[in-house]
Amino acid sequence: MGNIDYVDLLFGFRGRVNRGKYWLAIVLFIIAWIVIGIIAWLLSTVSYILGGIVVALVFLVTLYAGIAIGIKRLHDRDKSGWYLLLFYLLPGILEGIGEAIGGIGFVLSLAGYAISIWAFVELGCLRGTIGSNQYGPDPLEGRV
C-alpha cells in the first residue's frame, strides 16, 4: 500500500478511500480498542473515573475517525456521505422501535438488520467507481 498518511486516512473528510485502506482503518480501530480496553481496565483499578474518561475520549476519537473513513469510502462508491446517517443510525432506531412495540416490530428489526448488511456490502465489499468521480481521482488508478 506504499506510504499512507494515517492522519488524513483517519481524520480527513475529502477524497476517496479504497476497500484496502477502509479495512486497514477497521483493523486499526480494533487494535486501538483492545489496547485501550486493557489500559482502561488497569486504570480502573486506580480510579473508575479515570478509566471512564480514557474510554470516553477514545470513543469520541474513533467515532470521528469512523465517520471520516465511512464518508470517504462512500465517496469512492460515488455516493454522498449522508448515507452514513442511514447506515449508522437507522438500524438502531428501527431495532429500538421494534423492541418497544413488540409483535410486528420484528419486521422493523429485520429491516434494520437488512440495512446493516447493505452497509457492510456497500462500505466493505464493493469496488469504488473506476476512474475519477465527483469526489476525486480513483485511489487505485495506476495500480495493477
Side-chain angles (χ1 to χ4, degrees), residues 1-44 47-101 104-144:
M1 278 202 251
N3 287 340
I4 298 174
D5 180 355
Y6 288 98
V7 173
D8 184 55
L9 173 67
L10 296 174
F11 301 108
F13 286 89
R14 294 188 180 265
R16 298 167 59 177
V17 169
N18 63 28
R19 288 172 292 186
K21 287 184 180 174
Y22 173 79
W23 285 110
L24 173 64
I26 298 298
V27 169
L28 292 174
F29 294 155
I30 292 169
I31 291 168
W33 274 105
I34 290 170
V35 169
I36 292 305
I38 293 168
I39 291 170
W41 176 73
L42 291 171
L43 288 175
S44 70
S47 167
Y48 283 114
I49 293 173
L50 186 57
I53 290 170
V54 168
V55 169
L57 288 173
V58 171
F59 171 77
L60 291 174
V61 169
T62 55
L63 176 65
Y64 183 89
I67 291 169
I69 197 81
I71 286 173
K72 288 185 289 193
R73 184 66 194 117
L74 285 166
H75 286 174
D76 192 40
R77 299 274 308 129
D78 205 17
K79 297 189 181 322
S80 168
W82 290 105
Y83 272 85
L84 283 188
L85 289 176
L86 171 74
F87 291 159
Y88 286 3
L89 296 179
L90 194 56
I93 291 170
L94 291 174
E95 177 71 26
I97 294 171
E99 285 184 21
I101 64 175
I104 193 75
F106 172 74
V107 174
L108 293 177
S109 297
L110 197 57
Y113 184 67
I115 292 169
S116 295
I117 291 171
W118 174 27
F120 172 79
V121 170
E122 189 76 41
L123 294 170
C125 300
L126 297 177
R127 188 201 191 291
T129 56
I130 297 171
S132 294
N133 67 22
Q134 63 181 323
Y135 300 105
D138 186 344
L140 296 177
E141 210 162 54
R143 293 190 184 181
V144 177

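As the structure is a computational prediction, the values presented were derived from the model and not from experiment.
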Tell me whether the count of non-hydrogen atoms from other residues, nucleotides or ligands lying under 6.0 Å of [atom1] in [X] goes above 12.
{"X": "Phe87", "atom1": "CZ", "result": "yes"}
{"X": "Trp41", "atom1": "CH2", "result": "no"}
{"X": "Ile49", "atom1": "CD1", "result": "no"}
{"X": "Leu85", "atom1": "CG", "result": "yes"}

Scan residues 55-74 for pairs that pass ring-ring contact (aromatic ring centres under 6.0 Å, His included), counting only residues two or more places apart or in two chains. Phe13-Tyr64
Could you tell me the separation between the [atom1] atom of [X] and the [atom2] atom of [Y], rounded to the nearest 0.5 Å?
{"X": "Glu95", "Y": "Phe106", "atom1": "CD", "atom2": "CZ", "result": "10.0 Å"}
{"X": "Trp82", "Y": "Ile71", "atom1": "CH2", "atom2": "CD1", "result": "8.0 Å"}
{"X": "Leu50", "Y": "Ile53", "atom1": "CG", "atom2": "CD1", "result": "6.0 Å"}
{"X": "Asp78", "Y": "Gln134", "atom1": "CG", "atom2": "CD", "result": "5.0 Å"}

List the steps, then state whether side-chain contact (heavy atoms from CB on, under 4.5 Å) holds for Leu24 with Leu9. CA-CA 10 Å; Leu24 173 64; Leu9 173 67; 4.3 Å; yes
Could you check Tyr22 against Ile26 for side-chain contact (heavy atoms from CB on, under 4.5 Å), going step by step and ending with a plain yes or no? CA-CA 6 Å; Tyr22 173 79; Ile26 298 298; 4.0 Å; yes
May I have the step-by-step check of side-chain contact (heavy atoms from CB on, under 4.5 Å) for Leu108 and Ile101, ending in yes or no? CA-CA 10 Å; Leu108 293 177; Ile101 64 175; 4.0 Å; yes
Please report the shortest heavy-atom distance between [X] and [Y], naming the atom on each side.
{"X": "Asp76", "Y": "Asn133", "result": "O-ND2, 3.8 Å"}
{"X": "Leu126", "Y": "Arg77", "result": "CD1-NH2, 3.3 Å"}
{"X": "Ser109", "Y": "Gly98", "result": "OG-CA, 4.0 Å"}
{"X": "Gly66", "Y": "Phe29", "result": "N-CZ, 3.7 Å"}
{"X": "Pro91", "Y": "Gly112", "result": "CB-O, 3.5 Å"}
{"X": "Gly70", "Y": "Leu123", "result": "O-CD2, 3.9 Å"}

Salt bridge between Arg127 and Asp138, side-chain N to carboxylate O under 4.0 Å? yes
Polar side-chain atom of [X] near backbone of [Y] as donor-acceptor pair, under 3.5 Å:
{"X": "Arg73", "Y": "Arg16", "answer": "no"}
{"X": "Arg19", "Y": "Cys125", "answer": "yes"}
{"X": "Ser47", "Y": "Leu43", "answer": "no"}

Can you list the steps and then say if Lys21 with Lys72 is a side-chain contact (heavy atoms from CB on, under 4.5 Å)? CA-CA 10 Å; Lys21 287 184 180 174; Lys72 288 185 289 193; over 6 Å; no
Residue of the set Leu90, Leu89, Leu84 for which side-chain contact (heavy atoms from CB on, under 4.5 Å) holds with Leu86: Leu90
Given Val61, Ile67, Asp5, Ile69, the one that forms side-chain contact (heavy atoms from CB on, under 4.5 Å) with Phe11: Val61
Please identify each residue that fulfils salt bridge (charged side-chain N to carboxylate O under 4.0 Å, His left out) with Arg14, with sequence neighbours left out. none
Students often mix this up, so state it plainly: with edges at 30° and 60°, are the rings of Tyr135 and His75 parallel, tilted or perpendicular? parallel
